[in-house]
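Just below is one structure, and these are the notes that go with it.
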Amino acid sequence: MKIAISSAGRKADSPMDARFGRAGYFQIFDTDTGEYEVVDNTTGRDAMQGAGVQAGELVASRGVSTLITGHCGPKAFEVLRAAGVKVVLCGGGTVEMAIGKFINGDLKEIAGPDVNSHWG
Amino acid sequence: MRIAFASGKGGTGKTTVAVNLAVSAVRVGLGTAYVDCDVEEPNGHIYLEPEKDLSLPVAVEVPEIDESLCTVCGECGRICEFNAIAVLGDRVMVFPELCHGCGGCFLVCPVDAMKRSGRLVGRVETGVSKIAPCGEDRTAPGGEGEISFVQGILKVKEAMPLPVIREVKKHIPDRDIVIIDCPPGNSCPMVESVRGADRVILVTEPTPFGLNDLEIALKTVREMDIPVDIIMNRCDPDAELPAGAFDDGGARVIARIPESREIAEINSRGGLASLESPEFARIIDKILEKILRAAREARR
């Protein structure tokens, strides 16, 4: 299973980015194979609008089944839901801490957006 | 002749000068139109009190996907600059509120799966203002005493004024003088409002914000190759623009409007200062004279 984490940096000990659409990077971790990939989100971060839509499309295109982020707005959520990507929220910490919490079952899936548009 | 009033910074007095100039123009007998392109907050109507005769909806053409035809090839998503289309593995999603109506997706879809649909974004209204009839102390050769009025109104919560501004411009009537009240700022809405004007008048105030934005507005208008003049509002009678940024001789200060509590009070209750204050009327009349003289010189 592939999980994506919104991140401010490229490393496992980089802090998470609480924003989804305007996060700097997505770190994608495959829990089955241990494979690991960093996806640059510069185009989404600097988009004049629709950053969440763009990021949702990007994450879905990588075959991700769960997204770990700080917050998720309505348009991003709509795209992720349509693509079958579950969204779980994590309050902060580093990327590897977030992965650890997720594997331990400490993070909760959300059933809808938790913030309004343009939150980030 | 189209004269656009812009400023950069908001609240410098664009509308005050524009509506009073319309009054001044109609009272000397010019066929006059006032056009409010500040569609996010049009307020010229407060002063001119037009009788409206037309109200038309403005819609943006947005795509709707015909899923029976769509092959999810992704062409529409690639051409969309505004992230209004998300292409997922098995379907395409459209976010109409992000669409700018450029029409690119209709052109690139190879299977004609993009259907044209409309989204209401605002209104254009036209009318006539009879608030400043000719006569009494002034002569009005040929004037009818009516100001033709056009305004655009952007729907609340909409973020894109350009389609409404473009529609407003289509309704500009042919008059001796057309006064275009532009939105503040120096980005697309200002540029679209100014485009096609014969002359731009930048209304500024001698504050750091006012002058900073004036400099940006000047650069913008020059890039568009339109002659430009400056009016300094709420300033000392001998105020000058700071040396440096404005020294290249291209734009001149054609009027200085003094700070005045009387004018502020008239404005604050929606009155037309040039009908109530002879002193203010003289300032506005002089601005009109300079505009007309510049137009005559430009024709030569």
Side-chain angles (χ1 to χ4, degrees), chain A residues 1-4 6 19-26 28 30 37 39-67 69 72-87 112-113 115-120, chain B residues 40 60 62-68 70-105 108-109 113-114 119 121 154-164 185-192:
Chain A
M1 178 177 72
K2 279 188 178 179
I3 54 177
S6 59
R19 304 166 303 174
F20 171 56
R22 297 199 184 274
Y25 305 90
F26 297 112
I28 299 175
D30 191 326
E37 176 190 16
V39 180
D40 194 301
N41 186 43
T42 315
T43 47
R45 192 193 62 197
D46 300 340
M48 60 180 152
Q49 61 170 44
V53 172
Q54 190 276 154
E57 198 178 356
L58 176 64
V59 166
S61 74
R62 300 293 165 133
V64 166
S65 56
T66 299
L67 166 75
T69 189
C72 185
K75 292 192 205 73
F77 194 87
E78 204 179 326
V79 172
L80 292 164
R81 180 166 54 193
V85 180
K86 289 179 184 162
V87 181
V115 287
N116 284 329
S117 292
H118 310 125
W119 175 85
Chain B
E40 289 176 75
V60 178
V62 298
E64 218 171 71
I65 311 271
D66 183 340
E67 289 184 357
S68 67
C70 179
T71 60
V72 202
C73 70
E75 287 293 336
C76 53
R78 275 189 285 281
I79 200 163
C80 182
E81 280 289 305
F82 305 104
N83 292 325
I85 299 175
V87 181
L88 305 175
D90 61 345
R91 79 181 89 168
V92 174
M93 295 175 83
V94 176
F95 291 86
E97 65 272 39
L98 297 178
C99 174
H100 286 225
C102 76
C105 53
V108 298
C109 180
M114 308 302 273
R119 190 168 66 84
V121 292
L154 185 68
K155 223 174 107 183
V156 171
K157 285 178 83 178
E158 281 299 329
M160 287 179 289
L162 288 193
V164 181
N186 292 303
S187 59
C188 300
M190 176 268 206
V191 169
E192 185 59 41

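Every chain is numbered from 1, with letters handed out A, B, ... down the list of sequences. Every heavy atom of this structure was used, including side-chain atoms; hydrogens, water molecules and symmetry mates were not.
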Under 4.5 Å to a heavy atom of chain A? For F95(B) that would be side chain

Tell me whether E64(B) at atom CD has more than 12 heavy atoms from other residues, nucleotides or ligands lying less than 6.0 Å away.
no

Ignoring hydrogens and angles, tell me if any N or O in the side chain of N83(B) forms a donor-acceptor pair with the backbone of Q49(A) under 3.5 Å.
yes

When you measure from the side chain of E57(A) to the backbone N and O of V87(B), does any donor-acceptor pair fall under 3.5 Å?
yes

Do any N or O atoms from the side chain of R91(B) and from the backbone of A82(A) form a donor-acceptor pair under 3.5 angstrom?
yes

Heavy-atom side-chain proximity of L98(B) to K75(A) below 4.5 angstrom
yes

Only pairs at least two apart or in different chains count here, so list each ring-ring contact (aromatic ring centres under 6.0 Å, His included) that has a residue in residues 41-64 of chain A.
none

